[in-house]
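What you see is a predicted model; the values in this text were computed from it and never measured. Below, read A as the first sequence line, B as the second, and so on, with proteins coming before strands; counting in each chain starts at 1.
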Protein chains: 2
Amino acid sequence: MTDGPRRSVVRRLLSVLDTFDATTPTQSLTEIAARTELPLPTAHRLLAELTAGGWLERLPDGRYRVGLRLWKLGTLAPSYRNLRELALPYMQDLYHATHENIQLAVLDGRTALCVENINSVRSVPTRTRIGGRLPLHATGVGKVLLAAAGTELLASLAEKGLRRFTRYTIIEPGRLSRTLATVRDEQVAFSREEMTLGACSVASPVTRPDGGVVAAVSIVAHSSVDVDRLAYAVRTAASGISRQTGML
Amino acid sequence: MTDGPRRSVVRRLLSVLDTFDATTPTQSLTEIAARTELPLPTAHRLLAELTAGGWLERLPDGRYRVGLRLWKLGTLAPSYRNLRELALPYMQDLYHATHENIQLAVLDGRTALCVENINSVRSVPTRTRIGGRLPLHATGVGKVLLAAAGTELLASLAEKGLRRFTRYTIIEPGRLSRTLATVRDEQVAFSREEMTLGACSVASPVTRPDGGVVAAVSIVAHSSVDVDRLAYAVRTAASGISRQTGML
DNA sequence: GACGTTCCTTTCACGGGGTGGAAGTCAGGT
DNA sequence: ACCTGACTTCCACCCCGTGAAAGGAACGTC
């Protein structure tokens with residue numbers, strides 16, 4: 001029946017957990033079995049064990065969703081645990097000064113991962129959610145993180161082709177590389193409608209005392225806003241957070 | 001060797017994950033093996049699989065910690081996913097109006113679980129962390145959640161004895177029960193140095209359109225602050241959040 | 001009320017993969 | 001050089017996870 005190579009119990013279990021994402025926060029047994037390509041009884045047994053332990057929850061209608069226990073565990077993840085607590089006050093200051101959207105992201109593989117955000121009702125509505133992903137080459141935070149990463153990352157991204165989101169997206173590796181050099185130089189990255197038409201952003205790196213970049217903060221505003229004028233604000237906030245990282 | 005009854009692979013794996021908590025965010029192989037009571041090679045294999053999938057991370061010194069993937073997954077947990085995003089703006093309003101600590105908690109088993117907080121530098125320093133637990137009988141948020149839960153919960157807590165934290169902690173089940181009636185009536189709960197000497201709190205319930213209580217917001221202030229004057233502020237914020245829960 | 005459908009749950013004999021004692025490796029200390 | 005403690009690898013045994021098949025449960029349809 002199952003053609004694929006046999007996975008270990010552990011990998012099966014983890015692939016069950018992996019089926020939960022932002023687009024499918026709740027799932028039925030059949031859906032999970034289908035997505036994991038596991039026989040129905042097998043999926044059922046794994047889900048039963050996860051539910052019994054409180055890792056997943058079962059809704060009255062039989063559907064499964066992520067439980068509090070997993071949330072609590074995730075809370076201990078490094079980029080979250082302290083960074084978020086240190087950064088939030090500074091992000092709030094930025095928000096009160098500008099009334100625009102504020103984001104905090106870390107590097108996760110080949111994308112930027114949003115770990116905290118403050119959405120403004122007055123500013124451009126962003127699709128970004130906590131736990132959501134952002135492209136490295138078309139956003140402010142992405143560029144900051146990409147600039148700080150080794151050149152191999154850029155090379156590997158370029159190899160697979162830089163996706164064009166709007167007509168302003170930089171998809172030429174050479175031009176992107178030059179942009180990143182400026183970012184490293186000035187500690188600020190811009191994105192002018194490169195990800196979404198009508199939205200611009202300014203980002204700046206959060207660093208450890210040794211200079212390593214751990215995250216990026218940014219302001220995401222409507223394209224009519226002069227983001228250059230916001231650059232110093234982001235840099236100031238980023239410096240504030242960076243100063244605190246020494247205490248981790 | 002191992003005396004205990006044999007656990008299934010799944011339960012073994014989950015007990016490995018379970019060893020991670022706020023007090024031990026990073027652990028060595030030997031520590032994990034000891035805490036889970038698993039043979040060292042077994043623990044090693046499980047950890048290797050978890051690390052390979054990005055569920056755990058390995059530090060240069062060989063210690064393990066929770067990885068980004070688990071954090072992302074936890075992000076999907078119900079009480080967190082939307083509640084937090086809805087509530088944060090209102091919590092910020094409260095913070096700016098009062099400059100005290102603000103907390104948001106949900107019921108989790110026999111304790112209150114803090115899902116969001118804003119710590120004020122000007123107010124009492126709180127030990128509470130996101131993902132941290134608070135007693136139901138000695139805190140504002142706890143009382144709100146306990147009042148909304150069935151009477152069985154209070155009975156079962158009383159059976160095991162209500163822990164005394166300070167000389168003000170209510171440990172008489174009858175008196176607590178009467179207090180909870182008032183909480184239900186007035187939609188506000190107070191804690192006056194019942195958890196920590198020098199700290200008081202006011203809390204109010206966040207409800208769904210059908211009236212069910214999903215969370216509690218509170219202000220935690222120095223005991224010199226007249227918390228009665230803050231009651232309307234918390235109730236207002238709680239109402240605001242409650243109105244939004246209809247959109248979930 | 002019988003019948004079909006869909007989704008979930010339970011059973012159980014089989015055999016492959018997890019197990020863990022033992023041995024090997026590595027780093028730091030004396 | 002020798003020891004100690006912590007991690008990693010090996011591999012033969014055997015236990016426990018597996019999944020096809022059958023049993024329920026909850027609907028909707030004729």
**Contacts of type ring-ring contact (aromatic ring centres under 6.0 Å, His included), residue Phe165(A), not counting sequence neighbours** = His137(A)
**Prompt:** Counting only side-chain N and O atoms of Thr42(B), is one of them less than 4.0 Å from OP1 or OP2 of dG20(C)?
**Reply:** yes
**Prompt:** Looking at residues at least two apart in the chain, or sitting in another chain, which of them share a side chain to side chain contact (heavy atoms under 4.5 Å, CB included) with Val213(A)?
**Reply:** Leu145(A), Ala148(A), Pro205(A), Thr207(A)
**Request:** Find the bend of the helix from dG1(C)-dC30(D) to dT30(C)-dA1(D) as the angle between its two terminal axes (five pairs each), to the nearest 10°.
**Result:** 30°
**Item:** Note: Asp21(B)-Lys72(A) ion pair, threshold 4.0 Å (strictly below)
**Value:** no
**Complete:** Scoring nucleotides 6-11 of chain C by protein non-hydrogen atoms under 4.0 Å (B base, S sugar-phosphate only, - none) yields -SSBB-
**Asked** Considering residues at least two apart in sequence or located in another chain, which fulfil the side chain to side chain contact (heavy atoms under 4.5 Å, CB included) criterion with Asp210(A)?
**Response** Arg208(A)
**Message:** How many whole angstroms separate atom CG of Leu50(B) from atom C1' of dG18(C)?
**Reply:** 15 Å
**Message:** Between the side chains of Asp18(A) and Arg69(B), is the shortest nitrogen-to-carboxylate-oxygen separation below 4.0 Å, so that they form an ion pair?
**Reply:** yes
**Asked** Does Asp108(A) use its side chain to pair, donor to acceptor, with the backbone of Leu68(B) at less than 3.5 Å?
**Response** no
**Item:** Arg45(B) side-chain N/O to dG18(C) phosphate OP1/OP2 under 4.0 Å
**Value:** no
**Request:** Please check the phosphate of dC15(D) (OP1 and OP2 only) for any side-chain N or O of Arg7(B) closer than 4.0 Å.
**Result:** no
**Message:** Does a side-chain N or O of Arg12(A) approach OP1 or OP2 of dG19(D) to a distance below 4.0 Å, or not?
**Reply:** yes
Could you go through residues 41-53 of chain A and list every donor-acceptor pair under 3.5 Å that involves a side-chain atom there, pairing it with any protein atom two or more places apart or in another chain?
from     : atom 1 : to       : atom 2 : distance (Å)
Glu49(A) : OE1    : Ser8(B)  : OG     : 2.8
Thr51(A) : OG1    : Leu47(A) : O      : 2.6

**Message:** Check Arg235(B) with Glu186(B), please: is the shortest side-chain N to carboxylate O separation under 4.0 Å?
**Reply:** no
**Request:** Using atom CZ of Arg11(A) as one end and atom P of dG17(C) as the other, report the distance to the nearest whole Å.
**Result:** 11 Å
